[in-house]
Amino acid sequence: MKRRLVVIGAGMASGRALEHLLSADPGGWDVTLFNAEPRGNYNRIMLSPVLSGEKTYAEIVTHDDAWYAAQGITCRFGEAVTAIDRAAKTVTGARGTVAYDKLLIATGSAPFIIPVPGHKLPGVVSYRDLDDTNAMIEASARPGGKAVVIGGGLLGLEAAAGLASRGMEVTVIHLMGHLMERQLDPAAGYLLQKDLEKRGLRIHCKGATKAILGTDRVEAVLLEDGTVYAADLVCMAVGIRPETRLANDAALEVGRGITVNDQLCTSDPDILALGECVEHDSQLFGLVAPLYDQAKVVAATLAGAEAAFRPVQTATKLKVTGVDLFSAGDFAEAEGREDIVFRDPARGIYKRLVIEGARLIGAVMYGDTADGAWFFGLIKDGADITAMRDTLIFGPAYQGGAQTDPLAAVAALPPEAEICGCNGVCKGTITAAIGAGASSLADIRATTKASASCGTCTGLVEQLLAVTLGDDFKLPAAQPVCACTDLTHEDVRRLIKSQGLKSMPAVMQELGWKTSCGCHVCRPALNFYLLADWPLDYTDDAQSRFVNERNHANIQKDGTYSVVPRMWGGMTNPRELRAIADAADKYAIPAVKVTGGQRIDLLGVKKEHLPHIWADLNAAGLVSGHAYSKGLRTVKTCVGTDFCRFGTQDSTGLGIKLEQRLWGAWTPHKVKLAVSGCPRNCAESTCKDVGIICVDSGYEVGVGGAAGMDLKHTEPLAKVPTEAEAIELTVAFVQLYREHAKYLDRPYKWLAKVGLTWVQQQVLDPEIRAGLIERFDLSQTVYQRDPWADRATPAAQAAFAPLADLTREAAE
Amino acid sequence: MTDAWLDIGALDDIPRRGARVVKTRHGCVALFRTAEDRVFAIDDRCPHKGGPLSEGIVHGNAVTCPLHNWVFSLETGMAQGADSGAVATYPAEVQQGRILLDCARLIAGRAA
Ligand SMILES: Cc1cc2nc3c(=O)[nH]c(=O)nc-3n(C[C@H](O)[C@H](O)[C@H](O)COP(=O)(O)OP(=O)(O)OC[C@H]3O[C@@H](n4cnc5c(N)ncnc54)[C@H](O)[C@@H]3O)c2cc1C
Ligand code: SF4
Ligand code: FES
């Protein structure tokens, strides 16, 4: 007698289970197969290639009509089961009731829909089955269509890539800080985002959907931060939950999924379940590998054989053509775990292995996943990796640890690659010069002009010499920025610009940083380079700034701070002095001093008082003097024509104008200016970074003076007839310094490296000067803000105060 | 003494790679939050010349003192590299976005 098996759900898991059962026990079963979808089994994971157009539905069908007919399976497709009667042992669908001896539930899962306003509008789809896929394909048929995909996990990204390859303009909104956060760490997530952006996808991380907008159908998606993205189609791919409604109604034991034992029996011994709808040993399943193992066990159990389901680790790959990523196991950081990280920025490769004791427990790979299966094997087997630990990251084929050649990248450049940007010299010209006998940097400079100007390409030219001349040329040891990298400041600055690197993770990945987040030496430098080069795109990182700039005051030896209000050009008035005196009283300031730059310094302020004293001084019209910053400090002036009998020009007025133009600008190091009204030089202009001496016929602008550890006289930059030109020259010089100097080089140090002649060529050329000024002013639109005003808020006051006070907490 | 885990505040009260202090009877304790959202508690006084470690730059699981650049491990409190010295560390952890600090030694008013 044939036994009656009813199967609910014709998905990937039940399809495989039926195959095993019917081949093991042909003719033993009378099978009825229900499916809510109006079709039989197909390979669901291939929906993404169908969406992107790489495959058709016909190609992903796993069981066709002929197969069902040959097995004598009664197919009830397009008919959802609505009830299970366990006492009567029947199930009921729209077209009637069927009796069973054994029942197999394989209902998969239901996509999760976030119930934001508008989620029911036409045009909002999930991504689960062929109908969803077809709906998306249909929406993409309209030219110029826009799609928003909510969810930057596996499914969301596959949907997004598919829609984009069909010509839609796609935006992915992801709640977390980086894509696929459950499978990838931030570094790999960054690479993935970059790859996808290169394919034209827009990615918005840390985006929370607030509402889907539209009247008759979707028109746009609104985020909590106020951003609005226009959308003709919205695909929600934010997660799934096991489809357990039938089992619940039938009072089977259900946790997050339908509870099953090792034999995949539910709490009713005649009912089995498998696939995404089940929960085994508190675990849910969302990938097919374990489901296929379950399918074998189900077939065995039904056939009366011994079998037990033991879940195994799973690995993930993203099915977006051309994107290579792999993740398996556990890669979270935790006590006792160690990382091995490998980055090859030139090829966009990132690999990270997580080791606990003698075992590999997790692996994330991006860009080169060839060894993924091998690593996955080590994880699954819990293999002891102690012996190969040193070379583990290089994979199975790699024994012995040859390093990548630092010169290889230069060697690989094509002859037409530009080496020296200032003089437009390409690699071919330089190698030709070497061929003609040039054998040193000086020779190259003399014959090709390469590296003879601003000097930032010096490293490259030296590497070319080394590559071309081999042992005949000794590379001078370049000073790397810090232990986190082998690159020099100049290299880093050049690469940030040439590769368009706009964030700290981007720099660290692309330039192969050796640490996870840099150190106190490189981070402040990178932060400055990024904000100097990309004022509109880069977000300043407070945590990469030295304490003075983070707290907008100078830290003193006892941990208190000093506060210096700005006095434009050194001018003040009784009202301001009164406000300063009041503040000194109110906050019990222990010392008040006049600085060498003609400003008043309030010394010994407690950190938690800072936002309060700022608020008070702000109220009197005073703003921060930036006496703590790598930026413009002061413009010192003498009294000039207003009062002095020798004065030739309004030196005070010019000082005020310069200070108002330049304040708030971040620079590689502090910058000090002075303007003297005549050569008697009462403002001590000739030892400043920029010092102007007014004379009868105009203004003598000098640069690169110093009165610190080194004492240096300024060098004459130019003499100009008008005040406006003196201001222009100063601004252009400061911007040139911002764009080229190494972090923590004062202008005089930088000047010694690049030479006064080159600086003059730049700032005196009207076109270059105009460009410099334009870029400076653009940056000022973002950075010329009074930090005191921004922080004279209750929130800042709370942030500067202790997090908690335990001094009053009683000891038990 | 039994342990005394106190809810000190929300994880988000501390910026990533930043720190806040908790006042205690024997001086301030600095609570650091790393880029990976781990939280560490150590004394806020650098053994060199008393620099406020909470104002240092955090990198990996270490902090650099803002006064003279000594680097300390947040995990062990030990000075790194050529410098020698250590600061006290205290058990701290994050649960459901809240920072819990073992305050037994802190409330007692004695450094361990
Ligand atoms: C687009 C996409 C891409 C994916 N890519 C991958 C991948 O690359 N790798 C990977 O491992 N996994 C992938 N997955 C996940 C994988 O497809 C699932 O884990 C797997 O299909 C689950 O199998 P299942 O049989 O449990 O459920 P399903 O395959 O979902 O089948 C369940 C079936 O039951 C039907 N059903 C539900 N309720 C009833 C009812 N009351 N009556 C009748 N029928 C009902 C449903 O209509 C459905 O057809 C992907 C999933 C999707 C949607
Ligand atoms: S520098 Fe010349 S103009 Fe200025 S105060 Fe001195 S003497 Fe007078
Ligand atoms: S006080 Fe910390 S390094 Fe000197």
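Below, chains carry the letters A, B, ... as their sequence lines are ordered, and counting in each starts from 1. Just so you know, these numbers use all the heavy atoms, side chains as well, and skip hydrogens, waters and symmetry mates. Treat the numbers as computed from the prediction; the structure is a model and nothing was measured.
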At a 4.5 Å cut-off on heavy atoms, which part of A:Asp558 comes close to chain B: side chain, backbone, both, or neither? neither
Within a 6.0 Å radius of atom CZ on B:Arg45, are there more than 12 heavy atoms belonging to other residues, nucleotides or ligands? no
Measure distances from A:Pro524 to the heavy atoms of chain B and classify the residue's part below 4.5 Å as side chain, backbone, both or neither. side chain
Test log, rule side-chain contact (heavy atoms from CB on, under 4.5 Å), inputs B:Leu67 and A:Ile555: CA-CA 8 Å; B:Leu67 292 198; A:Ile555 195 163; 4.0 Å; yes
Side chain from CB out, backbone as N, CA, C, O: work out which of these in A:Ala542 comes under 4.5 Å of a heavy atom of chain B, or both, or neither. neither
Go through the atoms of A:Lys557 and report whether side chain, backbone, both or neither lie under 4.5 Å from a heavy atom of chain B. backbone
B:Pro66, part contacting chain A, at a heavy-atom distance under 4.5 Å: both
Evaluate B:Glu55 against A:Phe546 for side-chain contact (heavy atoms from CB on, under 4.5 Å), listing each step before the verdict. CA-CA 8 Å; B:Glu55 299 294 356; A:Phe546 184 61; over 6 Å; no
Looking only at B:Gly18, B:Ser54, B:Gly9, the option with the highest number of non-hydrogen pairs under 4.5 Å against chain A is B:Gly18
On a heavy-atom basis, the closest approach of A:His520 and B:Thr64 is ND1-OG1, 2.7 Å
Heaviest contributor of heavy-atom pairs below 4.5 Å to chain A, chosen from B:Asn69, B:Val63, B:Leu31, is B:Asn69
Should the heavy atoms of other residues, nucleotides or ligands under 6.0 Å from CZ of B:Arg98 be counted, would the total exceed 12? yes
Between A:Phe800 and B:Arg20, is any pair of side-chain heavy atoms under 4.5 Å apart? no
For the atom pair CZ (B:Arg25) and CG (A:Asp805), what is the distance rounded to the nearest 0.5 Å? 10.0 Å
Derivation and outcome, side-chain contact (heavy atoms from CB on, under 4.5 Å), residues B:Cys103 and A:Leu806: CA-CA 8 Å; B:Cys103 299; A:Leu806 299 182; 3.7 Å; yes
Looking only at A:Cys484, A:Pro186, A:Gly518, A:Cys519, the option with the highest number of non-hydrogen pairs under 4.5 Å against chain B is A:Cys519
Of the backbone (N, CA, C, O) and the side chain (C-beta and beyond), which part of A:Asn551 lies under 4.5 Å from a heavy atom of chain B, both, or neither? side chain
Heavy atoms of A:Gln543 and B:Arg17 approach each other most closely as OE1-O, 3.0 Å
Exactly one of B:Val21, B:Asp13, B:Leu101, B:Val29 clears side-chain contact (heavy atoms from CB on, under 4.5 Å) with A:Leu803, and that residue is B:Asp13
Any idea which heavy atoms bring B:Gly60 and A:Ser516 closest together, and the distance? CA-OG, 4.1 Å
For A:Lys514, does the NZ atom sit with more than 12 other heavy atoms under 6.0 Å from it, leaving out its own atoms? yes
If every non-hydrogen atom of A:Cys517 is compared with every non-hydrogen atom of B:His59, which pair is closest and at what distance? SG-CA, 3.8 Å
Chain B heavy atoms under 4.5 Å from A:Arg545: which part of the residue, side chain, backbone, both or neither? backbone
Tell me the closest heavy-atom pair linking B:Ile8 and A:Ala804, and the distance in Å. CG2-CB, 4.0 Å
